[in-house]
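A quick write-up on the structure given underneath.
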Amino acid sequence: MTENNTNDNNEAGGPAPERVVGTPKAGERVVSEAGTSAAPESGHEGPYKASETHGRPEETQRRGEKLASLWFVLAFLGGIGFLASYFVFGPEAIAEPQIAQYSNMLLGGTLTLSLFGIGAGMTVWARQVMPHYEVASPYDELPSSEQEKGSFGAFFMRGADESGFTKRPLMRRTLILAMLPLGLAPIVLLRDTGPLPGNKLKNTVWEPGLRMYVEGTHRAVRAEDFENDPNAMISALPAIDDEHHPHGISLDEMAKSVILLIKIPEGDWEERMKEEVEGTDGVTRLNWTHNGIIAYSKICTHVGCPAALYESTTHRILCPCHQSTFDAANAAEVVFGPAHRPLPQLPISVDDEGYLIATGDFTAPPGPTFWDYAKD
Amino acid sequence: MSKTTQAPKALRGVGNFIDDRFHLAKTGEKNLRKVFPNHWSFMLGEIALYSFIILLITGVFLTLWFKPSMGEIIYDGSYDRLRGVPMSEAYASTLYITFEVRGGLLVRQIHHWAALIFVASLVVHALRVFFTGAFRKPREINWLIGVAIFVLAMLEGLFGYSLPDDLPSGMGVRILQGVMMALPLIGPYISMFLFGGEFPGEDIITRLYMLHVLAIPALLLGLIVAHFMILWHQKHTQYPGRGRTDKTVVGTPMFPAFAVKAGGFFFFTFAVIAVLSAFVQINPIHLFGPFTPTSITSGLQPDWYMGFMEGSLRIFPNWFDIAPFGYAIPTAVLVPGLVVPGLVFGGMAAWPFIEQWITGDKRAHNVADRPRNAPVRTGVGAAGVTFYGVLWLAGSNDILSETFSVELYVTTYIFRVLAIVGPVLAFVIAKRICLGLQRRDRETLEHGYESGTIQQLPSGEFIEVHKHNSEETVHVLESKPTIASTALADDADVDDKGVENPKARKGTGKLRRALAHWYTKDNVPIDGVEAHSGHHLHHSAPEGEKEAAH
């Protein structure tokens with residue numbers, strides 16, 4: 001009892017320590033002193049020693065019985081209420097969220113009453129009817145005696161020797177050898193849980209000439225959609241309608257190919273946009289934009305949340321998960337947060353009908369950074 | 001009190017039937033007589049156990065309808081607002097449980113609340129065990145089992161949270177996958193194998209379902225049973241008090257009292273979870289919508305026990321990211337994903353052995369320490385709690401930023417500083433508080449306690465009367481153990497012929513001595529302090545008062 005050192009502040013200042021939860025009140029007597037004239041042990045019929053059994057006065061017990069019973073009756077009513085509530089709202093009614101809430105409160109409320117009643121009743125039973133026990137019992141001596149240990153050790157070693165396991169190394173070693181392949185079996189069997197990464201993580205469905213749909217629609221994006229708003233941002237997907245997928249393309253493809261189309265005013269482009277892209281012949285990132293519209297992967301290079309927040313005044317793209325921040329006007333360089341590398345850019349242009357199209361795949365693998373993302 | 005000494009015939013019949021087959025009479029009596037010490041803090045583990053039972057029961061109910069499938073369908077169930085929306089069968093079946101199964105919403109909410117409370121009570125229980133030194137010999141193995149339960153409980157919770165395939169849950173899986181991908185060399189392979197292909201694939205829900213309803217619960221159940229059997233076998237620790245020693249445990253016997261108390265407490269635990277589930281909405285997946293890898297809402301928060309991982313992912317900067325030979329090593333993902341949980345769980349697991357190594361204490365302990373009497377341990381614990389707590393808060397930095405109108409990036413910097421400075425401060429403060437309490441204890445022991453009675457002496461001086469402590473208090477105060485280390489003993493480094501032990505000169509020997517010094521140097525000794533020998537009692541308390549105090 002950590003707080004036993006708090007001293008009794010009661011008026012008497014007597015020896016009774018401040019009452020701790022679970023200990024008897026000052027008024028409760030030890031059974032052995034409770035009035036039988038017989039010797040404490042012989043007159044005591046409880047399962048534990050009289051000195052360890054602090055019985056409650058009969059008055060307290062009687063009150064306790066009544067109170068516990070009251071709780072149990074309440075619990076019974078709660079239980080009946082629970083069963084009844086099940087039928088108050090039918091399966092059709094709870095289709096309405098508001099009704100589902102009411103049904104939930106009614107069922108949960110009655111269940112609570114039932115459970116609480118039983119708990120409270122049992123607690124009253126333990127604390128007012130049953131005696132309070134302070135039974136002492138020895139902790140077992142855990143270590144065995146030296147003799148027992150010695151006997152065990154000798155027995156075990158004699159058995160091991162007699163079995164030949166220690167004496168016959170050829171047999172022992174071949175047995176271990178025999179087990180090894182079996183140990184590898186589960187690992188081998190797990191091979192077919194998935195394909196090898198190969199180039200899958202590095203390529204997406206984006207290809208030259210592919211138009212793009214506004215995310216969640218089947219409406220292709222036109223360059224002129226950006227005319228009215230000089231700071232517009234549109235989330236888009238490849239314009240593919242595969243009937244096998246309710247979304248048009250598979251979720252795997254969505255997760256890789258989703259892009260942010262961002263319109264950036266002419267004068268706002270920064271240094272990195274004008275540098276020559278490594279491995280190309282004089283191509284800059286600006287060459288991959290169309291009329292101030294630039295496309296970046298929407299999937300954060302940190303751990304893959306959609307970097308969906310865009311602040312147009314600062315041209316910052318923010319991932320709401322871990323707050324990696326990318327500068328859309330500067331090749332999506334990381335300006336804050338834990339991301340390892342910029343968002344990959346998708347080279348875009350416009351086709352004869354004025355629709356935005358990709359002119360190739362991303363500049364780098366989209367999504368969470370993995371160790372060989374930069375390798376071909 | 002009944003006078004029966006012989007059981008009724010029917011009961012005897014059952015008893016004999018069992019005993020004839022298992023020989024259980026003696027063992028049975030011994031176990032029914034088992035003693036459980038009383039203290040409120042011993043209920044914490046019980047809450048964890050009971051929540052686990054509730055999780056098992058409600059989990060079985062939920063499996064009756066839940067479909068662990070990522071097959072995409074167009075929803076045509078009874079929930080109006082999502083009709084016609086493409087979603088996985090997992091999400092659709094969760095909507096079914098919510099809006100078409102009576103009591104389904106309640107059981108779902110009970111399951112979720114019980115999970116939150118399970119992990120919470122388990123953590124607080126572990127803290128109780130840590131701060132009172134109840135992990136010491138002979139209970140180190142049970143402590144390790146407890147740490148394993150903690151880790152598994154977190155995973156179990158994370159996977160369960162992922163099953164409904166709603167927007168936040170899918171994002172949790174995405175983050176898990178992103179962290180996996182960052183592992184050098186093996187990352188993409190592990191991810192491909194776990195997901196059966198690229199993210200999100202079509203298998204992950206089915207596989208997490210297996211882990212969530214079968215593999216991890218089986219492990220958890222096994223570990224919890226082992227935890228409980230070991231506790232049963234070694235018996236519970238107890239706090240110091242009269243008659244309580246390393247050899248004798250004092251408390252409530254299993255039968256009849258503890259069984260009834262514990263049974264009642266199970267119902268209380270269940271009632272609290274039920275009332276929360278009835279009136280406090282949790283994880284309303286129907287409001288979040290189905291998962292798509294391209295959408296997100298801001299202000300996303302994981303279940304509380306994942307918060308420290310989320311926080312460390314948020315605040316750990318990319319300054320240490322490296323790319324040797326063009327291969328990316330994103331430490332900003334790897335440190336939060338591996339090092340931080342490694343520190344938290346590894347540190348917990350290692351501490352009993354570290355402490356044992358520092359002190360050289362090989363004795364068995366059954367009386368728990370009062371936290372103040374082990375100031376360095378308490379300080380280390382406070383530092384650990386602070387570290388965890390700062391990371392946990394950092395997991396909500398966007399919410400905090402908005403609530404307190406602090407710029408988002410500033411909160412990140414604040415948490416970066418706090419994660420380093422906080423634990424150090426917490427250590428120093430906690431240790432100082434412990435030493436202060438030790439000093440107060442010594443004073444109380446020597447002088448009695450302040451009665452609140454002010455007296456005027458004939459000289460005109462005012463004094464406060466001190467009174468005698470109760471016997472129990474004196475016992476508790478005098479039970480303060482002396483913290484020592486064998487590494488600091490005079491003869492620790494020399495053998496009986498006076499020859500220096502070569503180990504003592506080595507680095508580990510020096511380190512151990514330094515740590516032992518650090519562990520033991522601050523202590524308020526009570527050696528030579530006689531109870532109630534201080535002048536306050538003897539000079540100030542009038543005769544009558546002193547007598548009454550005895």
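Owing to the predicted nature of the structure, the values given are computational and were not obtained by experimental measurement. Order of the sequence lines fixes the chain letters, A, B, ..., with proteins taken first and strands second; residue numbering starts at 1 for each chain. What's counted below: heavy atoms across the whole structure, side chains too, no hydrogens, waters or symmetry copies.
Contact annotation for Ile110(B): only side-chain heavy atoms (C-beta onward) come within less than 4.5 Å of a heavy atom of chain A. Heavy-atom distances place the side chain of Val35(B), and not its backbone, under 4.5 Å from chain A. Looking at Tyr373(A), only its side chain comes within 4.5 Å of chain B, counting heavy atoms on both sides. Using a 4.5 Å cut-off between heavy atoms, Arg341(A) makes no contact with chain B at all. The contact between Ala339(A) and chain B is made entirely by backbone atoms, counting heavy-atom distances below 4.5 Å. Within the 4.5 angstrom heavy-atom criterion, only side-chain atoms of Thr412(B), from C-beta onward, approach chain A. Contact annotation for Ile99(A): neither backbone nor side-chain heavy atoms come within less than 4.5 Å of a heavy atom of chain B. Contacts of Leu32(B) with chain A are made by backbone atoms alone, with heavy-atom separations under 4.5 Å and no side-chain atom involved. Interface remark: Leu106(A) contributes no atoms to any contact with chain B (heavy atom separation under 4.5 Å). Proximity to chain B (any heavy atom under 4.5 Å) is shown, for Met105(A), by both the backbone and the side chain. Only the side chain of Gln281(B) comes within less than 4.5 Å of a heavy atom of chain A; its backbone N, CA, C and O stay farther away. Looking at Phe316(B), the atoms closer than 4.5 Å to chain A (heavy atoms on both sides) all sit in the backbone: N, CA, C or O. The parts of Gln234(B) that come within reach of chain A are both its backbone and its side chain, each placing non-hydrogen atoms under 4.5 angstrom from that chain. When heavy atoms are compared at a cutoff of 4.5 Å, Val107(B) does not approach chain A at all. Using a 4.5 Å cut-off between heavy atoms, Phe89(A) touches chain B through its backbone atoms (N, CA, C, O) alone. For Ala257(B), the parts lying under 4.5 angstrom from a heavy atom of chain A are both the backbone and the side chain. Contact of Leu142(A) with chain B is made through the side chain alone, with heavy-atom distances under 4.5 Å. Using a 4.5 Å cut-off between heavy atoms, Val124(A) makes no contact with chain B at all. Neither the backbone nor the side chain of Asp80(B) comes within less than 4.5 Å of any heavy atom in chain A. Residue Ile175(B) touches chain A through both its backbone and its side chain, counting heavy-atom pairs closer than 4.5 Å. With a threshold of 4.5 angstrom between heavy atoms, His233(B) approaches chain A through its backbone and through its side chain. Contacts of Ser295(B) with chain A are made by both backbone and side-chain atoms, with heavy-atom separations under 4.5 Å. Of the two parts of Ile299(A), only the side chain, counted from C-beta on, holds a non-hydrogen atom closer than 4.5 Å to a non-hydrogen atom of chain B. With a 4.5 angstrom heavy-atom cutoff, Glu92(A) does not touch chain B via any of its atoms.
Top candidate by heavy-atom pairs under 4.5 Å with chain A, chosen from Phe255(B), Phe258(B), Phe195(B), is Phe255(B). Ranked by heavy-atom pairs shorter than 4.5 Å toward chain B, the options Gly121(A), Gly90(A), Ala308(A) are led by Gly90(A). The most heavy-atom pairs under 4.5 Å with chain B, out of Pro143(A), Ala374(A), Ala136(A), Ala307(A), come from Ala136(A). Between chain B and the options Cys321(A), Ser235(A), Ser103(A), Gly109(A), heavy-atom pairs under 4.5 Å are most frequent for Cys321(A). Chain A forms more heavy-atom pairs under 4.5 Å with one residue of Ala274(B), Ala328(B), Ala332(B) than with any other, namely Ala328(B). Each of Gly196(B), Pro317(B), Ser41(B) has some count of heavy-atom pairs under 4.5 Å with chain A, and the biggest count is that of Gly196(B). Among Arg33(B), Arg81(B), Met171(B), the residue with the largest count of heavy-atom pairs under 4.5 Å with chain A is Arg33(B). The residue among Leu185(B), Leu176(B), Thr245(B) with the most heavy atom pairs within less than 4.5 Å of chain A is Leu185(B). Listed options Gly216(A), Ala126(A), Gly367(A), Pro246(A) were ranked by heavy-atom pairs under 4.5 angstrom with chain B; first place goes to Pro246(A). Most heavy-atom pairs under 4.5 Å with chain B: of the set Leu107(A), Leu251(A), Leu113(A), this distinction falls to Leu251(A). Of the listed residues (Phe325(B), Tyr79(B), Phe199(B)), the greatest number of heavy-atom pairs within a distance under 4.5 Å of chain A belongs to Phe199(B).
Heavy-atom neighbours of Lys247(B) NZ from other residues, nucleotides or ligands within 6.0 Å: at or below the threshold of 12. Within a 6.0 Å sphere centred on OH of Tyr409(B), other residues, nucleotides and ligands contribute more than 12 heavy atoms.
Under the 3.5 Å distance criterion, the side-chain polar atoms of Ser88(B) are left unmatched by any main-chain donor or acceptor of Glu72(B). In this structure, Arg242(B) contributes its side chain and Thr473(B) its backbone to no donor-acceptor pair below 3.5 Å. The backbone N or O of Lys49(A) lies less than 3.5 Å from a partner atom in the side chain of Thr53(A), making a donor-acceptor pair. Between the side chain of Thr369(A) and the main chain of Thr301(A), a donor-acceptor pair closer than 3.5 Å is present.
With no hydrogens or angles considered, a side-chain donor-acceptor pair links Glu310(B) and His322(A) at under 3.5 Å.
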Self-check item: salt bridge (Lys or Arg N to Asp or Glu O under 4.0 Å) assessment of Glu215(A) paired with Lys298(A)
Solution: CA-CA 11 Å; Glu215(A) 190 193 336; Lys298(A) 190 183 178 184; 3.1 Å; yes
Quiz item: Passes salt bridge (Lys or Arg N to Asp or Glu O under 4.0 Å), Asp252(A) versus Lys200(A)? Steps please.
Solution: CA-CA 11 Å; Asp252(A) 292 14; Lys200(A) 292 185 192 68; over 6 Å; no
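Aromatic ring centres of Phe116(A) and Phe268(B): separated by under 6.0 Å. In this structure, His466(B) has its ring center at least 6.0 angstrom away from the ring center of Tyr449(B).
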